[in-house]
Structure formats: C-alpha cells, structure tokens
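Report on the following structure.
A, B, ... follow the sequence lines: proteins, then strands. Residue 1 opens every chain.
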2 protein chains.
Amino acid sequence: MLSTVDNAMLSTMDSQRGLNATEAALLGLLREEGPMAGSQLAQTAQTVIGEYWNLTRSQIYRELTALTSGGFLTAGPPDPRRSRVYTVTAAGEAAFLEWLQAGPADMTPRLPLLITVLFGADLPPGRLAEILDEHERRHRDRLAEYRALDAELIRIGVGPYVRATLAFGIRFEEAVSRWFAELPAEFRQRDAGGGGG
Amino acid sequence: MLSTVDNAMLSTMDSQRGLNATEAALLGLLREEGPMAGSQLAQTAQTVIGEYWNLTRSQIYRELTALTSGGFLTAGPPDPRRSRVYTVTAAGEAAFLEWLQAGPADMTPRLPLLITVLFGADLPPGRLAEILDEHERRHRDRLAEYRALDAELIRIGVGPYVRATLAFGIRFEEAVSRWFAELPAEFRQRDAGGGGG
DNA sequence: TGGTACATGTAACATGTTACATGATTAG
DNA sequence: CTAATCATGTAACATGTTACATGTACCA
C-alpha cells in the first residue's frame, strides 16, 4: 500500500472529484468578484447567473462548506452573525479552470408547461386558455425586462461575455412569445358561457 | 382523536400528497396509452415527452412503486422477467386531473453552456470556439430532426396538442441557432497558430 | 428595553443520476 | 449445455428544495 489515507478520511475531504456546474459557477464568481460571504454570494449569483442557472441559498451554503473541506476555498473567521468570508485557493482556481476547459454538459430540459399542453384535452373548457394566458404574460414581462437590462448593460459598457448570456435569454423569450402567438386558436378559447352548474 | 391511522402507516401509504410533474406525466401516459410495464413506459416516455422532460429508467421504476403504494396505480402479477403491468386507478385518474387543473410550475432554467460562455475569457485561445462549434452542431441536428418529425406527424394526422409541444421544440432550436449565429466573431476564432508548447 | 421583523445559516426531505445485481435469451 | 450479452430492475449516491432554528438590528 502506497497510501496511508483510509476511506473514512477520503469521504470527508475528497479533493479529487470533479466539480459540478453549480460549484464551478460559484468558484468562478468568487474568483471574479473577490472574496465574500454566503449571503453576498447568493445575491451575486442571483443577479449574474440567475437568469439561466437556478439555485437556492441553502445549496450555496452547502457547496461552500463542501468546497472548503475539499480545499478549494478557505473560510475566514466568523463575524457576529456567524457569516464567514470565503476565498478561492490555488486548488480551487485550478479545479475551476479544469471544469471550464472540459466543456459544459448538454442541457436537460424541464418544461412543465408542455406536459400541461400535451394533456390539454383533459382540461375543463377554458382552463387551458387561462393557464396559457398567465404564462404568456409572465414571459412577455420577462422579455421586456431583459431588453431593458440589455440597453442598460450597453450603456454602462459591460463586456461581450455577459451580454452574450443575456442575448440568449432574449432570443429564448422571443421564441416563447412567438410559440404562444402561433398556438391553435381553439387552445385560447375562454369558457364563454360561464357554464352553469 | 378521530383517526386511528398512525404516522408510521401514513409514511408507507401517503395517499394525500400532491403529485410532481414527473408523476403526473407518467400517470397521464399510462392513462392515455393503456396499462404497461416499467420498461415499456420508459420507452414511451422517452418518445412522447423526452424532448422537453428529462427522466431516467430508474426514476420511472421508483415512481411506479411509490404511485402504487399510494393507491394511484395497481400492479399486475410479475411475468418471468419479474416485470409487472401497471394500471391507473380511479384515485390515480383523479390525482392526475387535479395536477393538470392546478396548472404547471414555471420552468427552472439550467443551461451549463451559458456558464461556460460567461467565463469564456478564462479559456485558452480557440477552446471557446471549439465548444461553441460542437454545441451548435448538436442543436442544428436536433432542429433538423424536429422538422422531419413534424412533417411526419402531420402526415399521419396526429392531434394539435402533441404538435404544439413539438412546435415549442422547433421554435426553441431556431432561437438557439440564431443566437449562435449572432455571437461576436471573436468568440468563434480558432487557435490560428497552433501555439508552440 | 422588550418585541418584531428580517437576515443568516442548518437540517430534513424530495428528486434526479449513476452504478450495480439479477436473470433471460441467444450463439456457439 | 455453457458462456456471453442484453434487458430489467434495485440500491447507493449526488443534488435540489422546503421548512425550520437562531440570532441581530431596528423600532416603539
């Protein structure tokens, strides 16, 4: 046996495994924006990648702990509110760059709305139209937000990489809007009579 | 105490909780296509909803077990390969219709490619172009498949609900293609010199 | 100085993914 | 009849989500 490290120890501080996309994103943000605490990172992540990468505060805290015990981060001393500032280590930087270099996975689609549409014939009259209207409104609002944000990003002279990710959001929402507009008219028929009974 | 049912019992056969989108989809498919075994259902699901709802065989088996113990399905006797045919019960049908009526959740985006693009400046020269080319190719292929499939669905006279879900896929892939085409030219620059080590 | 609302972090739970075990079919 | 391969199902693990506990700052 060359190594004296046992399995129990490895399970606590497994430094060797690759990152997942969430961990990579957090390391990348910490590296770029500088050291910060969990709650700040949560806010930053929501702003910067929230549009296309869903994550929760809880998840961030867990990942910070795991990344620290893996040697990818160091944690500063806790302040009065027991929050600590995390800093990317050399190993963390290497792991991040390795993840980046390896290339992203394919996306795994999750569109509950399309499940509803697929079984739309099983809905009572008018209900599908309600659902579609509601979702169409949300997407229209989001498209407007994205466009406003894009104008703002251009104004303050932000770089092409951030703008490219926002451009994706815009093209996506445009496609969704078009899809809504092209749906068969019968999908959008409200329950005309108010159906007594 | 009005009820004599204790907690241990509820944890085994909790019939009351609502469905998630995966369970609803499985019930809907079983209801529409008729009773079938786990492996058949896995194939059917992949074909019918795989485009916009990612799921694995394992997940299907687990959900079938859970739905059965919840009273939403009944399982037939096992055949030589210990596969059983599952049938939707009245309670299962009610739960499915209830999920459908309540309306779908918003989608939670997960686009690893955009994480890579965001940090694209940290990649070695040419690597981002490679990654983009690879993903663009995959999406172009998928768009072609969807279009062929759409023509086929029209030919065999399939209903408007299924075609609406496919239409979403087509509009989405068109948007993705357009986004790729509009990316700044510098993102697509391959490593020209071959960079001597 | 007490109380209320909010911020922060934690732990339990639900879901999704990967890796394995088992047995049946088929080729030799 | 035996071995290899494939189909099917199971169980362990990783990740994501929800609900809770703790304490701090602000306000009366």
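In this structure a side-chain-to-backbone donor-acceptor pair under 3.5 Å is present from A:Trp179 to B:Ala164.
For the pair A:Gln59/A:Asn54, no side-chain contact is recorded, criterion being any heavy-atom separation below 4.5 Å from C-beta on. In this structure the side chain of A:Val117 reaches within 4.5 angstrom of the side chain of A:Leu132, judged on heavy atoms. Contact annotation: the side chain of A:Thr68 approaches that of A:Tyr86 to within less than 4.5 Å [non-hydrogen atoms, C-beta and beyond]. Using a 4.5 Å heavy-atom threshold, the side chains of B:Leu166 and B:Glu51 count as touching.
Under the rule for a side-chain hydrogen bond (donor to acceptor under 3.5 Å, both in side chains), the partners of B:Glu174 that lie at least two apart in sequence or sit in another chain are B:Arg147, B:Arg171. Looking at residues two or more places apart in sequence or on another chain, you find a side-chain hydrogen bond (donor to acceptor under 3.5 Å, both in side chains) between A:Glu130 and A:Arg127.
The phosphate of C:dT8 (OP1 or OP2) has a side-chain N or O of A:Ser39 nearer than 4.0 angstrom. Look at A:Arg110 and you'll find a side-chain N or O under 4.0 angstrom from OP1 or OP2 of C:dG16.
The aromatic rings of A:Phe172 and B:Phe172 sit perpendicular, their planes meeting at an angle over 60°, well past the 30° parallel limit.
If you check residues 41-62 of chain A against DNA chain C, the residues with a heavy atom closer than 4.0 Å are A:Arg57, A:Ser58, A:Tyr61, listed by number. Near DNA chain D, meaning a heavy atom under 4.0 Å from it, residues 20-38 of chain B has no residue at all.
We find that CE of A:Met107 is positioned 17 Å from P of C:dG16, with the value rounded to whole Å. The CG-C1' distance, from A:Asp79 to C:dT8, rounds to 10 Å in whole Å. Regarding B:Leu19, its CG atom lies at a distance of 14 Å from the C1' atom of C:dT15, rounded to whole Å. The distance between atom CZ of A:Arg84 and atom C1' of C:dT8, rounded to the nearest whole Å, is 14 Å.
Each end of the helix from C:dT1-D:dA28 to C:dG28-D:dC1 yields a helix axis from five base pairs, and these two axes differ in direction by 0° (to the nearest 10 degrees).
Contacts classified as side-chain hydrogen bond (donor to acceptor under 3.5 Å, both in side chains) and involving residues 96-119 of chain A (residues at least two apart or in different chains) are given here: A:Asp106-B:Arg138.
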Note to self: Working note: A:Glu152 + A:Arg155, criterion salt bridge (Lys or Arg N to Asp or Glu O under 4.0 Å); need CA distance, chi angles, decisive distance, verdict.
What the structure shows: CA-CA 5 Å; A:Glu152 177 67 8; A:Arg155 198 183 66 73; 3.1 Å; yes
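The existence of a salt bridge linking B:Asp133 and B:Arg137 is excluded, since no basic side-chain nitrogen approaches an acidic carboxylate oxygen closer than 4.0 Å.
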